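In each ligand, atom 1 is the first atom listed, and ligand 1 is the first ligand listed. Predicted model only: the values in this text are computed from it and were never measured.
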Amino acid sequence: MTDPHDIRVTIDLDALALNYAALRARAGDSEIAPAVKADAYGLGAAPVVDRLWSEGARSFYVARLAEGVALRRSLGDRLANIYVLDGATPGAGDALEGANLIPVLNSLPQVEAWNAQARSGRLRAALHVDTGMNRLGLRPEELKVLLASTDRLKRLDLDLVVSHLACADDPEHPLNAQQRDRFEEASRLLPGVRRSLANSGGLFLGEAYRFDQARPGVSLYGGGPQGRPHPEIRAVAKVEAPILQVRVVPRGESIGYGAGWTASDNTRVAIVAAGYADGVPRAAFPRGEVWFDGARRPMLGRVSMDLIAVDVTDCDPARPGAMVELFGANLPVDDAADAAGTTAYERLTRLTPRGVRRYVGASR
Ligand SMILES: *Cc1c(COP(=O)(O)O)cnc(C)c1O
């Protein structure tokens, strides 16, 4: 049932395509392999991948095996390269092979497991080399150990060598150049293997970071490459919620749990049907804002599970049923996230499970 009072999420696939084009322009001749993990950052992997495929994308990254299996199914006969960042985890071999997924091998045991999986023939693989993130991947010295005994790779077609930047959103950070240099050095040990280093932020660090393939995620989906709005990147997701009630809070009275905000004057307040169960971070108070009737308007008082209060002083159109924008083209997701001490990544992957979701722009 669709209730006009539902929270509404609108995903603009044309804006997605424009962001893809903007990132391609930044990438030069290097391939763009979109990161579509976590259901394409909450926007819906199937419609997002359908549109990116029709824009020309042929390689995609997921994090989990199950995401890769689901993506393979939704692609049907469209033969994309699907890379699984978790790699060849224990017990995953048959499922990876069965769905024709390419694990990004993160450790010597993963390399061994995938090489053993290839008993009946050859299997494709990507190799993750850690250059300073210290999360996943072989250390450069482990790569040397691996290459000293070609046995361990003998049944693998090494497709790609990958590393991941820790500070790409901060162009001034010295770790960027260090990681780039370590990556260059490590990949010299793998002549002829394609190389992939840049995420969204990396594509904005200059040509030296492009290599053969980039793996952007957040900037396809409307987050700026440096954690703030960027003129080349458009909003893709818009979240709107309806006003349920408008009231005047008399001077000296408070709003919400814990009496978190007290009116220093009589204040006209809209009570909006969105709360932390809809992905509004509890930390959005006291700095959070919404967009309504042409302006940003502050949230007043604590975020509840289902409700927030918003200052609508001198705002005539505020009435029950009118929709306020939590983030979107008017209020960038980076700003909405920053006001709550979080990131566009987290706001997007926590889009509401309630309400109605609508896609605009052709998906195929
Ligand atoms: C998530 C992820 C990406 C995409 O990063 P963005 O910052 O969203 O562009 C690329 N590579 C790896 C290894 C990742 O985990």
Side-chain angles (χ1 to χ4, degrees), residues 16 19-20 22-24 26-27 30-43 45 48-49 52 57 59-65 67-68 71 81-87 89 101-107 110 125-138 159-171 173 175-176 179-180 182-183 186 194-205 209-230 232-234 236-237 333-334 337 342-351:
L16 171 76
N19 290 341
Y20 177 75
L23 296 175
R24 272 182 53 180
R26 287 267 170 187
S30 148
E31 179 189 18
I32 297 280
V36 297
K37 58 193 179 181
D39 203 24
Y41 290 43
L43 274 54
V48 161
V49 167
L52 291 171
S59 300
F60 300 93
Y61 279 85
V62 295
R64 308 276 181 255
L65 168 64
E67 294 176 338
L71 182 55
N81 303 310
I82 303 175
Y83 295 94
V84 179
L85 290 165
D86 282 357
T89 45
L101 305 175
I102 307 170
V104 180
L105 303 173
N106 289 307
S107 65
Q110 283 201 353
L127 196 61
H128 189 162
V129 178
D130 176 59
T131 53
M133 175 78 112
N134 276 301
R135 220 173 46 169
L136 295 175
L138 280 80
D159 203 63
L160 191 71
V161 56
V162 168
S163 194
H164 194 39
L165 296 165
C167 305
D169 59 345
D170 176 6
H173 203 291
L175 194 50
N176 292 323
Q179 287 197 267
R180 202 213 85 89
R182 287 179 196 148
F183 185 59
R194 295 169 73 231
R195 299 181 288 180
S196 175
L197 179 64
N199 63 340
S200 301
L203 277 172
F204 288 75
L205 294 176
Y209 291 79
R210 284 178 184 169
F211 295 98
D212 301 299
Q213 182 202 70
R215 313 178 304 272
V218 77
S219 290
L220 287 167
Y221 311 121
Q226 282 140 22
R228 55 177 183 275
H230 188 283
E232 292 169 36
I233 301 301
R234 295 161 196 250
V236 176
V333 61
D334 283 300
T342 183
T343 60
Y345 298 79
E346 196 175 23
R347 292 283 326 240
L348 292 173
T349 52
R350 295 191 183 177
L351 286 176

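Listed here is the closest heavy atom pair of A38 and T349: CB-CG2, 4.2 Å.
Looking at R64 and D86, a side-chain N of the basic residue comes within less than 4.0 Å of a carboxylate O on the acidic one, giving a salt bridge.
The shortest side-chain heavy-atom distance between L203 and P225 does not fall under the 4.5 Å cut-off.
Panel note: side chain T342, backbone A337; no donor-acceptor pair is recorded below 3.5 Å.
Every residue meeting the salt bridge (charged side-chain N to carboxylate O under 4.0 Å, His left out) condition with D159, not counting sequence neighbours, appears here in chain and number order: R124.
Classification of the Y221-Y41 ring pair by plane angle, with boundaries at 30° and 60°, yields tilted.
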Does ligand 1 have any N/O pairs with the protein under 3.5 Å, and how far apart?
unit_1, atom_1, unit_2, atom_2, d
ligand 1, 7 (O), N199, ND2, 3.0
ligand 1, 7 (O), Y345, OH, 2.6
ligand 1, 8 (O), Y41, OH, 2.6
ligand 1, 8 (O), V218, N, 2.8
ligand 1, 9 (O), S200, N, 2.8
ligand 1, 9 (O), S200, OG, 2.5
ligand 1, 9 (O), G217, N, 2.8
ligand 1, 11 (N), H164, ND1, 3.4
ligand 1, 11 (N), R215, NE, 3.0
ligand 1, 11 (N), R215, NH2, 3.3
ligand 1, 15 (O), K37, NZ, 2.7

